[in-house]
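So the structure is just underneath, and the comments pick up after that.
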Amino acid sequence: MALAVLILSVPMEAQSQNKRTKEKQVKNVIYMIGDGMGLTQVTAAMLAKESPLALQDATYVGLQRTHSASSEVTDSAASGTALATGKKTYNGAIGMDENKQPVESVLAKSKKAGLATGVIATYSVTNATPASFVAHNESRGNEFEIAEDYLDSDIDVFIGGGVKFFEKREDGRNLSEELKAKGYTIGHSMDEVKNVTSGRLGALLADNAMPTIKQGRGNMLPEATAQALTILSNNSSKGFFLMVEGSQIDGGGHDNNPEKVVLELLDFDAAVKVAFEYADQHPGTLVVVTADHETGGLTLPEKDKKAVPEFSTKGHTGTMVPVYAYGTGASAFTGIMDNTDIPKKIEALMKLK
Ligand code: MG
Ligand code: ZN
């Protein structure tokens, strides 16, 4: 009798333990960055939208400190580098530490581990935030050099603006042709993007920045996110790392334009919805949504019982920004974090070296 119980209980125990391990292991990461997305920007979007934001479905929420190595108020290069590599650096640096030494990003480490990788942005793919995941340069302004780093990155998918940095170069090189020779499909429209379901894709959809939502960008960001998830999940059975940037919330802050802030944030939130739904359907997927810094010093003082947007600067501010997490491993993203902690937590959950 005792022996029978023992025989029966061993496989059951092993089975349940195996299931628990599977659920805990993070296989896919969708890392989403709202450039300039402070807590007030999120609140303004909540007030503008009648139904809840996708972000409100986040199961764990934390706060992030954003200061750089050179200033209490970061730029998007130093904060992008911190969020990508876990290293503080000076404002302007792309994927380099304070001593101008290249540092490896979580995307590069994912690629090394055999995962599929991608970046999506609504500004150029050579702009500071996506560049921090792919390139190494002492200055964010060197976008023609940053474009060259895409050739060496082995990245599976990149979608955003930046045709001129790849194809209209003073050195006469056409990096899109060089990428094609490396096996990439190069597209210049969302229709072309939607035709690709596996393999390598580089989509350059505007000369530099993508148009704003108000200028007619449409659903490019959520649609590109959905398509990239299809491609990346087809490209590697080991999993993937995807960075998605809502790049132009920042521009709304710099322009002190509350309508732009809200429209760009709602567009980013539509991409968050795509990511959360993917995580629901694919256990082992972690979604982390955060910002690189706040832009505009946005507040919402009361006027006639309404919370009215007011800005305090045309630049960035040093205030903490929110961190939202969803899916497998989400519970690690609570409390007050440094921006450099986020990639370290992701790498630990993915078991990257
Ligand atoms: Mg950016
Ligand atoms: Zn900015």
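Both ligands and their constituent atoms are indexed starting at 1 by order of listing. Start at 1 with the first residue, then count along the sequence.
Counting all heavy atoms, side chain and backbone alike, S70 lies closest to N91 at OG-N, 2.9 Å.
Donor-acceptor pairing under 3.5 Å is lacking for the side chains of N339 and S79. A donor atom on one side chain and an acceptor atom on the other are not found under 3.5 Å apart for T122 and Q248.
In this structure, Y184 has its ring center no closer than 6.0 Å to that of Y150.
Look at D75 and the Zn ion (ligand 2): no N/O/S atom of the residue is under 2.8 Å from the metal. The Zn ion (ligand 2) has an N, O or S atom of H254 closer than 2.8 Å.
When H67, H254, H316 are each tested for a ring-ring contact (aromatic ring centres under 6.0 Å, His included) with H293, only one passes: H316.
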| task | List the steps, then state whether side chain to side chain contact (heavy atoms under 4.5 Å, CB included) holds for L232 with T117. | result | CA-CA 7 Å; L232 297 177; T117 58; 5.6 Å; no
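With sequence neighbours left out, K180 forms a side-chain contact (heavy atoms from CB on, under 4.5 Å) with E177, I186.
Around the Mg ion (ligand 1), the protein atoms of type N, O or S found under 2.8 Å away are D35 OD2, T129 OG1, E245 OE2, listed by chain and number.
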